[in-house]
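I have placed the structure first, in the form of structure tokens, so that the comments after it can refer back to it.
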Amino acid sequence: MNNALDVLTSWTEALLAERTEERSKLASSLAESSLKQRRAEGMSWSPVEVTDASFAFGGAKWNVICGEGGGIPGAFRVGSAVLLTPVGDDEAVKDFGRWPARVRSIRGLQMELILEGEGPEGVAIQHVRWTVDARADERSYQAMAHALSHWVNVEDRERIQWRDQWLGVASSWSVPSAEDAISASFPCLNVQQEEAALNILSRPKVSLIHGPPGTGKTRTLVSAIASLAKAGDKVLASGPSNMSVDVLVERLAAQGLNVVRVGHPMRVQPEVLSRTLDARVQDQSEFSRVVKTRKEADQKRRDADKFVRNFGPEQREARRRARAEARTLRKEAEELEGYLADRVLREADVVCATLVGCDDRRLRALNFDVAVVDEAAQALPPATLIPMRRAQRVVLCGDPCQLPPVVKSRGGSPLATTMLERLMKDVPKHACMLEVQHRMHPAIMAAGNAHFYNGRLKAHPSIAEATLEGIPPMLWVDTSGCGFEEKRSEEGGSVSNEDEARFVLDRAKDWLALHPNMTLGVVAPYAAQVECLKVLWQERVRDGELPSDARVTIHTVDGFQGQERDGMLVSLTRSNERGELGFLSESRRIHVAQTRAKHACILVGDSATLSQDPYLGWLVEFAQSQGAYDSAWSWMV
């Protein structure tokens, strides 16, 4: 594409296709399923009763409870987008309206919801029954659309030049002035890590860190951010997931920085709760006024809705005044809370948020010197643009050889290539690759190093001989010919393989017998296989075959990115005569599964099926060449 507007337009069109695809799938599921089916699939609760209604920052707050049999306990997640519809005919909908909301907290069959608006006024909503349905989450699309619109319509010449540079349509890059560079030393970093940190401190418009698994990219990033903040730069640090952001918060706080975490407190780790914007605002001495004013507003609302036996003009006027006073008091409380939030944010050294969270209205008036995006290889390009619009410089950190962002629409979407990948290709001189990994035994690293990193990775001497006694560091166990057949679930189309799951748990039992205190990860690419593994694990725990206190995590491969364990057992699941692999053909998914392991990793799979894929076929041959291959029959005779 020849100009920036062409690139941004293609992303906008692709983003609309993504949103349409998500809306269509959800609408189809809701329309084609009965209420009974929707309850069973965790898409709806009905009927629910409103047990309490008040007001919070951002809208009405309702506590609702679902009757027994009205839905699956805990079906919705904190932050989930839902739609409240009154139970009844069209007249009921006309009277009370449909209300979009978000889940603030959930426990069993009880939820706390924040409505997008004040909710229906002047009615006894506790006497109305409601249906809660899942709805498409528009917030992320809206945030990305805001960012795209900003960069399409930007008028400042310097910002236009910067935009054109990182979109790859500018002829040259500006060179940072040596006078702007920050002097610092990093005795705790290795050569490549220090080079990456110093590159960031030279304050170029764009800095890139390519951090393969175990190479200390987060450590490098935190060291650089700390130096920037101490030199007076205001930093906005972000990532695509809450987990990635919370890691940054915890490590930056350990550096003695004033760090504020923007995001819903229910979606952050307990260790960083005290750093959230909500907690910091509530710590302000003036916050007691917010609480008092909000209580007064709630009382005025209750006065307005109080039952009056003889309802005449005077009572109608008194009710109108009470509602008006309630609205005024709510606005006053919100304005004071907003003022306190703005003060906390302006005093912070580093503000941390998810990429979508960087579109928070409380950040829109703030400007930052540098925007840092960790795990940038997992972010859609328009999502990366959100923090970039709030800063003068950007640091992107991640590994394009791990899992990419999820693209829902089919075909060659331009969203499939991340900003980090684009810039590493267009301006490789801006990228620093970290080459010494501190996590994995060399045998675990070997395949990924050969296939993804051109042999550039090196194992630090401290982990070169780190093994678990009695367990080989790396092994492909071939189930071909064992009769382990996959099964596709009728509900969601996910794939499971019960015989393979049992075999994998047998290996877990062997490992734990040798090393009871080891941390163990058991992963599979399919949700149905993960569920099968969890059910079988619990059965064995109940039967006394497996210890109840084992330090084990069973999850999808995607859910394990960014984590590590002493040992990893990977159930590849697919086994069919057609050679069908589905999304298992994404080589980076297998790479992620392997590289979570520190000391031992076993890949369990049917080579006859899996070798239909070029990468998996190569991986089997590589394992054989390394003496890291065996047949499942070795354990079955």
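For clarity, every value in this text was computed on a predicted model and none was experimentally measured.
Residues passing the ring-ring contact (aromatic ring centres under 6.0 Å, His included) test with His430, sequence neighbours excluded: Trp173. With sequence neighbours left out, the ring-ring contact (aromatic ring centres under 6.0 Å, His included) criterion links Phe76 to Trp45. Shown here are the side-chain contact (heavy atoms from CB on, under 4.5 Å) partners of Ser207, two or more places apart in sequence or in another chain: Asn199, Ile200, Pro204, Val395. Every ring-ring contact (aromatic ring centres under 6.0 Å, His included) that His438 has, sequence neighbours left out, goes to His460. Scored by the side-chain contact (heavy atoms from CB on, under 4.5 Å) test, Arg346 finds Asp342, Ala365, Leu366 as partners (sequence neighbours excluded). Residues satisfying the salt bridge (charged side-chain N to carboxylate O under 4.0 Å, His left out) criterion with Arg289, sequence neighbours excluded, are absent altogether. Annotation: side-chain contact (heavy atoms from CB on, under 4.5 Å) contacts of Phe287 (sequence neighbours excluded): Val281, Gln282, Val290, Val291, Glu337, Leu340. Under the rule for a side-chain contact (heavy atoms from CB on, under 4.5 Å), the partners of Thr384 that lie at least two apart in sequence or sit in another chain are Val373, Ala379, Met388, Leu396, Met419.
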Can you give the donor-acceptor pairs under 3.5 Å from side chains of residues 270-279 to other protein atoms, not counting sequence neighbours?
residue: Thr276; atom: OG1; partner: Leu273; partner atom: O; Å: 2.8
residue: Thr276; atom: OG1; partner: Ala279; partner atom: N; Å: 3.3

All N/O donor-acceptor pairs, side-chain side in residues 347-357, below 3.5 Å, sequence neighbours left out:
residue: Asp349; atom: OD2; partner: Asn258; partner atom: N; Å: 2.8
residue: Thr354; atom: OG1; partner: Gly357; partner atom: N; Å: 2.9

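Side chain to side chain, Arg261 and Asn242 meet the donor-acceptor criterion of an N or O pair below 3.5 Å. For the residue pair Asp6 / Ser10, no side-chain donor-acceptor distance below 3.5 Å is found, with atom types taken as modelled. No hydrogens or angles considered: a donor-acceptor pair under 3.5 Å links the side chains of Gln563 and Arg565. At a cut-off of 3.5 Å, with distance as the only test, a side-chain donor of Glu22 or Tyr141 sits close to an acceptor on the other residue. Side-chain contact, Thr12 with Thr9: no donor N or O sits under 3.5 Å from an acceptor N or O.
Residues Gln269 and Asp246 come closest through the heavy atom pair N-OD2, 2.9 Å. Closest non-hydrogen pair, Cys358 versus Ser238, comes out as SG-CB, 3.8 Å.
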- Between Gln192 and Glu435, does a side-chain contact (heavy atoms from CB on, under 4.5 Å) hold up when you go through it step by step? CA-CA 7 Å; Gln192 287 84 20; Glu435 298 180 359; 3.8 Å; yes
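Ion pairing between a basic and an acidic side chain is recognised when a charged N comes within 4.0 Å of a carboxylate O; Lys205 and Glu158 show such pairing. A salt bridge does not link Arg107 to Glu112: none of the charged side-chain nitrogens sits closer than 4.0 Å to a carboxylate oxygen. Between Glu564 and Arg596, no side-chain nitrogen of the basic residue sits less than 4.0 Å from a carboxylate oxygen of the acidic one, so the salt-bridge criterion is not met.
Residues in residues 417-429 take part in these side-chain hydrogen bond (donor to acceptor under 3.5 Å, both in side chains) pairs, two or more places apart or across chains: Thr418-Glu421. Residue pairs meeting the salt bridge (Lys or Arg N to Asp or Glu O under 4.0 Å) criterion with at least one member in residues 373-402, sequence neighbours excluded: Lys217-Asp374, Lys217-Glu375, Asp233-Arg393, Asp359-Arg390.
Considering only heavy atoms from C-beta on, Leu16 stays 4.5 Å or farther from Trp11 through its side chain. In this structure, His210 and Met424 have side chains that are in contact, with non-hydrogen atoms separated by less than 4.5 Å.
Within the 6.0 Å centre-distance limit, the rings of Trp62 and Trp130 are counted as a close aromatic pair.
Taking a 6.0 Å sphere around NZ of Lys234, one finds it holds more than 12 heavy atoms contributed by other residues, nucleotides or ligands.
Taking CG from Leu385 and NE2 from His150, the interatomic distance works out to 9.0 Å, rounded to the nearest 0.5 Å.
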